[in-house]
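The structure presented is a predicted model; accordingly, all values stated were derived computationally and were not measured. Within every chain, numbering begins at 1; the chains are lettered A, B, ... in the order of the sequence lines, protein sequences first and strands thereafter.
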Number of protein chains: 2
Amino acid sequence: MPIELTASQALGLWHGVSLDQVRHDDRDLTLRQMAILLHIYLVPPPHTVRGLATELDVTKPVITRALDTMGEMGLVDRVRDASDRRNVLIKRTVGGALYLEKLGDRVREQGRKL
Amino acid sequence: MPIELTASQALGLWHGVSLDQVRHDDRDLTLRQMAILLHIYLVPPPHTVRGLATELDVTKPVITRALDTMGEMGLVDRVRDASDRRNVLIKRTVGGALYLEKLGDRVREQGRKL
DNA sequence: TGCATTCGTTACGCCACCGTTCCATTTTCC
DNA sequence: GGAAAATGGAACGGTGGCGTAACGAATGCA
């Protein structure tokens with residue numbers, strides 16, 4: 001079910017959420033990291049480093065480093081694939097789910113303010 | 001006129017726009033820079049360094065550096081205030097307007113896909 | 001069994017952003 | 001006039017992401 005937005009509403013929404021995020025969230029995720037995190041949580045698994053790299057059109061080390069950073073933040077977890085030990089499977093965590101839940105609330109709240 | 005979104009729609013929207021931005025825009029603005037840029041274009045002028053710093057709850061050099069970077073990208077311009085020469089007034093540019101127009105289109109397009 | 005391929009990671013040098021602190025200019029107020 | 005305040009910016013060391021290029025481990029295939 002599509003949502004029709006005016007140009008002004010679209011930018012206002014983005015503005016409000018960005019502002020809220022800058023003001024209240026000290027975890028300062030890059031746009032890339034944010035895209036990776038959302039991809040992990042919104043697209044059905046399994047997720048591998050290489051898969052994410054090609055899907056986001058980004059080099060592999062970018063994914064590795066993002067997983068390092070977000071792993072330390074508790075937003076994401078890594079597990080070796082048992083069936084092919086070269087692969088690493090990226091797993092979701094409670095912390096990551098909470099983080100995105102809060103982001104979703106921000107988007108919804110700003111949408112209501114339009 | 002409020003827009004009511006489900007949690008899934010909100011995150012899906014954010015995901016789609018982030019992904020599109022990562023894939024197609026090499027100008028890699030920080031979340032902070034993005035918030036500053038949107039603030040300049042969506043909130044009525046005048047805008048000063050100090051004003052933006054307090055509004056975004058950020059230190060002054062953050063604003064100065066963001067204006068440096070975005071100035072070189074042609075997204076924003078600086079002009080000395082004639083009436084109080086200590087102040088710097090931040091001005092909009094054609095480049096910045098185009099940039100945000102494209103961003104708005106992305107948001108609207110992703111909204112339509114929900 | 002060997003050898004090429006695939007996967008994730010690490011190493012390297014580079015560059016941008018960070019907060020703190022200090023500074024030059026301009027204004028205000030006595 | 002002169003001191004104090006306010007403004008934007010520069011300097012500093014630190015931190016972290018970047019792309020390129022290598023690497024070790026695991027797999028596939030002849």
Side-chain angles (χ1 to χ4, degrees), chain A residues 18-19 21-40 45-92, chain B residues 18-19 21-40 45-91 99:
Chain A
S18 300
L19 210 56
Q21 190 105 334
V22 166
R23 290 207 261 233
H24 300 311
D25 197 311
D26 40 354
R27 278 175 297 193
D28 198 22
L29 291 196
T30 301
L31 182 65
R32 285 174 162 188
Q33 294 171 337
M34 176 68 78
I36 293 169
L37 187 64
L38 282 161
H39 210 78
I40 293 168
H47 298 291
T48 65
V49 172
R50 184 161 204 87
L52 290 173
T54 52
E55 287 232 40
L56 303 196
D57 194 21
V58 146
T59 63
K60 267 188 307 174
V62 167
I63 304 292
T64 296
R65 285 184 296 243
L67 294 180
D68 287 344
T69 301
M70 295 193 293
E72 282 188 6
M73 293 179 180
L75 301 178
V76 120
D77 199 12
R78 272 189 270 211
V79 177
R80 275 278 164 205
D81 184 353
S83 68
D84 186 340
R85 287 221 157 78
R86 289 173 301 182
N87 286 334
V88 163
L89 301 179
I90 291 97
K91 298 293 189 184
R92 302 165 184 172
Chain B
S18 301
L19 210 57
Q21 190 103 335
V22 165
R23 290 207 260 232
H24 301 311
D25 198 311
D26 40 355
R27 278 174 296 192
D28 198 22
L29 291 196
T30 301
L31 182 65
R32 285 175 163 191
Q33 294 170 337
M34 177 68 79
I36 293 169
L37 186 65
L38 281 161
H39 210 79
I40 292 168
H47 298 290
T48 65
V49 173
R50 189 162 209 89
L52 290 173
T54 52
E55 287 232 41
L56 303 196
D57 193 22
V58 146
T59 62
K60 259 189 315 173
V62 167
I63 304 293
T64 296
R65 284 185 295 245
L67 294 180
D68 287 345
T69 301
M70 295 192 292
E72 282 188 7
M73 293 179 180
L75 302 178
V76 121
D77 199 11
R78 273 190 270 213
V79 178
R80 274 277 164 204
D81 185 353
S83 68
D84 185 340
R85 302 185 62 83
R86 288 174 303 184
N87 285 334
V88 163
L89 302 179
I90 292 97
K91 298 293 189 184
Y99 180 88

Whole angstroms only, please: what is the [atom1]-[atom2] distance between [X] and [N]?
X     : N      : atom1 : atom2 : result
A:K60 : D:dG17 : NZ    : C1'   : 18 Å
A:L52 : C:dG8  : CG    : P     : 9 Å
A:D68 : C:dT9  : CG    : C1'   : 9 Å
A:L89 : D:dA26 : CG    : C1'   : 14 Å
A:I63 : D:dG17 : CD1   : C1'   : 13 Å
B:D26 : D:dC18 : CG    : P     : 14 Å
A:L56 : D:dG17 : CG    : P     : 16 Å
A:L31 : C:dC17 : CG    : C1'   : 16 Å

Discussion item. Looking at B:R85, I'd like to know if its CZ atom is crowded, meaning that more than 12 non-hydrogen atoms belonging to other residues, nucleotides or ligands lie closer than 6.0 Å.
Written reply: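 Counting neighbours around CZ of B:R85, 12 or fewer heavy atoms of other residues, nucleotides or ligands fall under 6.0 Å, so no.
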
Worksheet item: Taking the side chain from A:R80 and the backbone from A:R86, do they hold a donor-acceptor pair closer than 3.5 Å?
Response: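 Confirmed, A:R80 side chain pairs with A:R86 backbone.
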
Worksheet item: Would a distance-only check, ignoring hydrogens and angles, find a side-chain to backbone donor-acceptor pair under 3.5 Å from B:R27 to B:Y99?
Response: no

Worksheet item: Where each residue is assigned the nucleotide of DNA chain D containing its nearest heavy atom, which of B:D28 and B:T48 is assigned the position nearer the 5′ end?
Response: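 It is B:T48 whose nearest nucleotide is closer to the 5' end.
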
Is the shortest side-chain N/O distance from [X] to OP1 or OP2 of [N] below 4.0 Å?
X     : N      : value
A:R32 : D:dG19 : yes
A:R78 : C:dC7  : no
B:N87 : D:dG8  : yes
A:T64 : C:dG8  : no
A:T30 : D:dG17 : no
A:R86 : C:dG8  : no

Fill in: Residue whose nearest DNA chain C nucleotide is more 5′ - B:A82 or A:G51
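Its nucleotide being nearer the 5' end, the pick is A:G51.
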
Taking any heavy-atom pair under 4.0 Å as a contact, classify [X]: base, sugar-phosphate, or nothing.
X     : value
A:R65 : base
B:D84 : sugar-phosphate
B:Q33 : sugar-phosphate
B:R85 : sugar-phosphate

Fill in: From B:I36 atom CD1 to B:I63 atom CD1, the distance as rounded to the nearest 0.5 Å
3.5 Å

Worksheet item: Say you draw a straight line from CZ of B:R65 to OG1 of B:T30; how long is it, rounded to the nearest 0.5 Å?
Response: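 So the gap between those two atoms works out to 10.5 Å.
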
Item to complete: Side-chain contact test, heavy atoms from C-beta onward, threshold under 4.5 Å: evaluate it for A:V79 versus A:V88 and give yes or no.
Response: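 Result no, sub-4.5 Å side-chain heavy-atom pair not found.
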
Worksheet item: Out of D:dG8, D:dA21, C:dG8, which nucleotide sits closest to the side chain of A:P61?
Response: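 Nearest to the side-chain atoms of A:P61, counting from C-beta on, is D:dA21.
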
Discussion item. Using the side-chain heavy atoms of B:T69, tell me which of these nucleotides is nearest: C:dC18, C:dG8, C:dC17.
Written reply: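 Per side-chain heavy atoms of B:T69, the pick is C:dC17.
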
